[in-house]
Trainee: 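My structure is below; once you've seen it, I'll send some questions.
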Amino acid sequence: MADDRIGGYADALLSVAAAEGASDLVEDELFRVAEAVRSNDELLATLTDRKLPVDRRQRVVEDLLGPQASPITTALVSMVVGTGRGGDLPAIVDRAVAKSAAGRNRALARVRSAVELSDDQKARLAAAIKASTGTDVEIRVVIDESLLGGLVTEIGDDVIDGSVRRRMAQLKETFS
Amino acid sequence: MTRRTRYIGWALGLGVAAGLFTASPAAAVPETIGSCVFEKLVELEESGSSLEALEEEGEEAVVAFSDDLEKCVEAPSLIIPEIDEIIWGGSAFLVLFAFMVWKGFPAVQGAMNARAEKIAADLDAADQAKTEAARIKSDHEAELAGAKAEAARLIDEARGQAEQVKADLVARANEEVAEMRARAAADAEAARNQALADLRGDVSEIAIGAAERVIRTNLDHDTQRALVDAYIDEVAGRG
């Protein structure tokens, strides 16, 4: 039942983004918002706190995303939070992004980077992954400054960690 | 009283009675001189004679009759009995002897045999008792020897066990000492390793923290781009 509900919300998000002709942008922004919610327990608790009035929770979303995301993305996130499904937002977005990628016969590659990637870098990374795994992927980037530098790519259960953080950890293990 | 003893008693009683009765003819000898003389006179008259006839026959007849009468005053011989006494006594003896042979001797023989058998049995019993006593003595000696051997064995065993216990205690004490030493050495080694690890960790933390600060300040845009490009090349090279 919960799975159907998440699927339904995911379809709704994709339909709205497609209807507005901004699928790539909206999916990318939704993906980043979902990652932010997933990694921030306080934000997740705020969005799922039923003691807060719905309009208050929606106002939090609008305040956070207003200057950084497109109005469509902000409206979609506000809609999900307004229906009381803010806790399911990461799962809904994951389902939507994966479904969108699968519609284009691609797998989702979750990329964490310390800096923003250019379109050229994303394209070259997708080509490199294709050359390495034989799978067409759709790159979704999440900014994670804790990596210091480099990238971490997750494709399903496979993780390719090329971050400076990992190398620092390896160096620390060597010292220890 | 056994049957054999009763037989012997009866035989002796009968012998005494026979002696008394058979001796009575000997007692028929005139006990007084008068009766003897009277009997001589009666015999004379029964022979158809008389004193007057004797006197008429002559001095020799009178002397013979006088000698005959003098026999009445003669004392019986202490050595040679009278003929009738010999006869009666011999008869009584024979009767008694025959009776003794018939009844007494077998009884005496049986009693003697029984006595001999009893003595033999007693001797056998004594021999058996002696043998049994000897056997018991030998058994006791054997048991005593066995007891002594067992005691010696137990003492040896106890001594051996005591030695073993002593050896075990010493070995255990040595093991415990060695174990304590090893444990102390291991603890010291572990503490030293832990201290080195802690020190190494602290040093690495400091070094890594310093390196991270240096990296943060030196990772400019070009360096980030170069890192990303290197990563892309690395991923491409995996195939």
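These values consider heavy atoms only, across backbone and side chains, with no hydrogens, waters or symmetry-generated copies. Below, chains carry the letters A, B, ... as their sequence lines are ordered, and counting in each starts from 1.
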Trainee: Minimum heavy-atom separation for B/L227 and A/G149, please, with both atom names.
Mentor: CD1-CA, 4.0 Å
Trainee: How about A/L117 and B/V228: do any of their side-chain heavy atoms sit closer than 4.5 Å?
Mentor: yes
Trainee: So what's closer than 4.5 Å to chain B heavy atoms on A/T153: side chain, backbone, both or neither?
Mentor: both
Trainee: What part of B/I208 gets closer than 4.5 Å to chain A, counting heavy atoms only: side chain, backbone, both or neither?
Mentor: both
Trainee: Do A/V115 and B/H221 have side-chain heavy atoms sitting under 4.5 Å apart?
Mentor: no
Trainee: Count the heavy atoms belonging to other residues, nucleotides or ligands that lie under 6.0 Å from CZ of A/R104, then report whether that count exceeds 12.
Mentor: yes
Trainee: Please rank B/L219, B/D229, B/I232 by heavy-atom pairs under 4.5 Å with chain A and give me the top one.
Mentor: B/I232
Trainee: State whether the number of non-hydrogen atoms from other residues, nucleotides or ligands found under 6.0 Å of A/E116 atom CD is greater than 12.
Mentor: yes
Trainee: Can you say whether B/A207 sits under 4.5 Å from chain A via the side chain, the backbone, both, or neither, judging by heavy atoms?
Mentor: side chain
Trainee: To the nearest 0.5 Å, what is the distance between CG (A/D120) and CZ (B/R225)?
Mentor: 7.5 Å
Trainee: Return the minimal non-hydrogen interatomic distance between B/E212 and A/M168, and the atom names on each side.
Mentor: N-CE, 3.5 Å
Trainee: Need one label for A/V152: side chain, backbone, both or neither, based on atoms under 4.5 Å from any heavy atom in chain B.
Mentor: backbone
Trainee: I want to check something: taking the side chain as every heavy atom from C-beta on, are B/E234 and A/I160 in contact at a cut-off of under 4.5 Å?
Mentor: no
Trainee: Any chance CZ of B/R135 has more than 12 other-residue heavy atoms, nucleotides or ligands included, within less than 6.0 Å?
Mentor: yes
Trainee: Do you know which of A/L125, A/I129, A/L148 has the most heavy-atom pairs with chain B at a distance under 4.5 angstrom?
Mentor: A/L148
Trainee: What heavy-atom pair brings A/S132 and B/V235 nearest, and what distance separates the two atoms?
Mentor: CB-O, 3.2 Å
Trainee: Has B/R115 got more than 12 heavy atoms of other residues, nucleotides or ligands less than 6.0 Å from its CZ?
Mentor: no
Trainee: Within the side chain of B/E205, is there an N or O that forms a donor-acceptor pair under 3.5 Å with the backbone of A/K172?
Mentor: no
Trainee: Can you confirm whether A/E145 is buried at CD, in the sense that more than 12 heavy atoms of other residues, nucleotides or ligands lie under 6.0 Å from that atom?
Mentor: no
